[in-house]
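One structure is given here, and the rest of the page talks about it.
The figures that follow rest on heavy atoms only: side chains count, while hydrogens, waters and symmetry mates do not. Numbered from 1 within each chain, the chains take letters A, B, ... in sequence-line order.
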There are 2 protein chains.
Amino acid sequence: MDYKEKKVMTIGIVSELTGLSERQIRYYEVRGLITPSRSNGGTRKFSFSDVEKLVDIANKMEDGLQTFEIKEMERRKRRKEEEAKRRMIRGQINAAFRLRE
Amino acid sequence: MDYKEKKVMTIGIVSELTGLSERQIRYYEVRGLITPSRSNGGTRKFSFSDVEKLVDIANKMEDGLQTFEIKEMERRKRRKEEEAKRRMIRGQINAAFRLRE
DNA sequence: CGTGTAAGGAATTCTGACACG
DNA sequence: CGTGTAAGGAATTCTGACACG
C-alpha cells in the first residue's frame, strides 16, 4: 500500500542506494535478512524498506557482527515490539474495566 | 530526498503499476509529459511521482485529451501555483509592515 | 496523433561454482 | 563466514522503423 513497502527496485539500483555490492545483497537474502520479491522472469524486486534494512545491516556488519547475530537481533526486536503491543492492549482493557466499576 | 521523488524504477515495473504499455510510457516521455532519468547504460529510471503523473495522464487521455493539451494543463497549473505562492509572500510582507506601523 | 509490433543489439540480472580465508 | 570473480544463459530494455488511421 505504502510506497515504502512496494517492491519496485532492481538490485542494481539498490546497490547504488546502499553502497553494497550485488553479491552482498544476494548473500544477505540467502541468510534470510531481507526478502525481496521476484518478477515473473526471476529478477529480484526491492522496496525502500528493504534499502533501509540493508543500510542497517551494513552498519552492523561493520561493527563485526555476523549475519546470524543480526538476524537474532531482529527477532528480539520484533518480540519486544509485540510485547509492548500486548501490554498496551491489556492496559486499555484494564482501563475500560475500571471505568465500569 | 523523498522516496516519492527518487528515480528508481525500470519501465517494466512502471508499466505494471500504471497499466500502461511500455510504448505508451516512452511516447509520453517523447512528448515531454514525464522526464525519467537514465542509468549509465541508458535504461530509464522512474519515481513514484512519475507513476502518479502517468496515472493522471492516462485518465486525461481516456477523456479524449491530446498530449499537447495535457501538457498545457500542467503549465497552467504550475503558473497558478506560483501565483498563489507570490500572493502568500506579498501578504506576509504586508502583514509584517502593518505590525511596524 | 497515439500505439502496436517485429528486429537487432546492448544493458541488466540470474545461478552455481571456484577461490580465499 | 562473507565476498570477489569469471561463465553462460536468460530476462529486460533500448532505438528506429513500418503500420494503421
Side-chain angles (χ1 to χ4, degrees), chain A residues 6-75, chain B residues 6-75:
Chain A
K6 277 248 176 205
K7 306 276 190 177
V8 297
M9 287 175 264
T10 54
I11 198 166
I13 298 164
V14 175
S15 174
E16 280 182 30
L17 259 43
T18 61
L20 294 168
S21 69
E22 301 187 3
R23 180 69 163 103
Q24 289 174 306
I25 297 169
R26 292 196 189 101
Y27 182 66
Y28 298 152
E29 179 191 16
V30 171
R31 301 311 305 260
L33 295 178
I34 48 171
T35 55
S37 61
R38 299 277 182 149
S39 74
N40 294 331
T43 62
R44 271 166 270 253
K45 294 189 294 184
F46 302 81
S47 67
F48 279 111
S49 183
D50 290 325
V51 171
E52 287 187 4
K53 223 180 264 180
L54 282 168
V55 171
D56 182 54
I57 292 168
N59 286 134
K60 285 175 179 159
M61 290 300 285
E62 271 187 52
D63 291 346
L65 292 177
Q66 288 188 298
T67 55
F68 83 93
E69 296 176 300
I70 295 174
K71 198 167 182 192
E72 213 161 291
M73 285 180 75
E74 284 174 5
R75 226 178 280 132
Chain B
K6 277 246 177 206
K7 307 276 190 178
V8 297
M9 287 175 263
T10 54
I11 198 166
I13 297 164
V14 176
S15 173
E16 280 182 30
L17 259 43
T18 60
L20 294 168
S21 70
E22 301 186 3
R23 181 70 163 101
Q24 288 175 306
I25 297 169
R26 292 196 189 100
Y27 182 66
Y28 299 151
E29 179 191 15
V30 170
R31 301 313 305 262
L33 295 178
I34 47 171
T35 55
S37 61
R38 300 278 182 147
S39 74
N40 294 331
T43 61
R44 270 167 271 253
K45 294 189 292 184
F46 301 81
S47 67
F48 279 111
S49 183
D50 290 326
V51 171
E52 286 188 5
K53 224 180 262 181
L54 282 167
V55 171
D56 182 56
I57 291 168
N59 287 134
K60 285 174 178 160
M61 290 299 286
E62 270 185 52
D63 292 346
L65 291 178
Q66 290 188 296
T67 54
F68 82 93
E69 296 176 300
I70 296 174
K71 197 167 183 191
E72 214 160 290
M73 284 179 75
E74 285 174 5
R75 225 178 281 132

query: Considering only heavy atoms, which members of residues 27-51 of chain A lie under 4.0 Å from some atom of DNA chain C?
result: A:R38, A:G42, A:T43, A:R44

- request: Could you list by number each residue of residues 68-75 of chain B showing a heavy-atom separation from DNA chain C of less than 4.0 Å, or answer none if no residue does?
  value: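 Within residues 68-75 of chain B, no residue comes under 4.0 Å of DNA chain C.
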
Distance, rounded to the nearest Å, where [X] contributes [atom1] and [N] contributes [atom2]:
X	N	atom1	atom2	answer
B:E62	C:dG2	CD	P	15 Å
A:L54	D:dG2	CG	C1'	15 Å
A:Q24	C:dT13	CD	P	16 Å
A:I57	D:dG2	CD1	P	11 Å
A:R26	C:dC14	CZ	P	5 Å

- request: Specify the residue among B:G12 and A:E22 whose closest nucleotide of DNA chain D lies further upstream toward the 5′ end.
  value: A:E22

query: Ignoring hydrogens and geometry, is there a side-chain-to-backbone donor-acceptor pair from A:D50 to A:S47 under 3.5 Å?
result: yes

field: Partner nucleotide of C:dC14 by Watson-Crick or wobble geometry (both distances under 3.5 Å)
entry: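 Its partner is D:dG8.
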
Side-chain atoms of residues 64-73 of chain B: list all donor-acceptor pairs with protein atoms under 3.5 Å, sequence neighbours left out, distances to 0.1 Å.
unit_1, atom_1, unit_2, atom_2, d
B:T67, OG1, B:R31, NH1, 3.4
B:E69, OE1, B:Q66, N, 2.6
B:E72, OE2, B:R76, NH2, 3.1

task: Kindly say whether, by distance alone, the side chain of B:R23 makes a donor-acceptor pair under 3.5 Å with the base of C:dT5?
output: yes

message: Salt bridge check, B:K45 against B:E29: does any charged N sit closer than 4.0 Å to a carboxylate O?
response: no

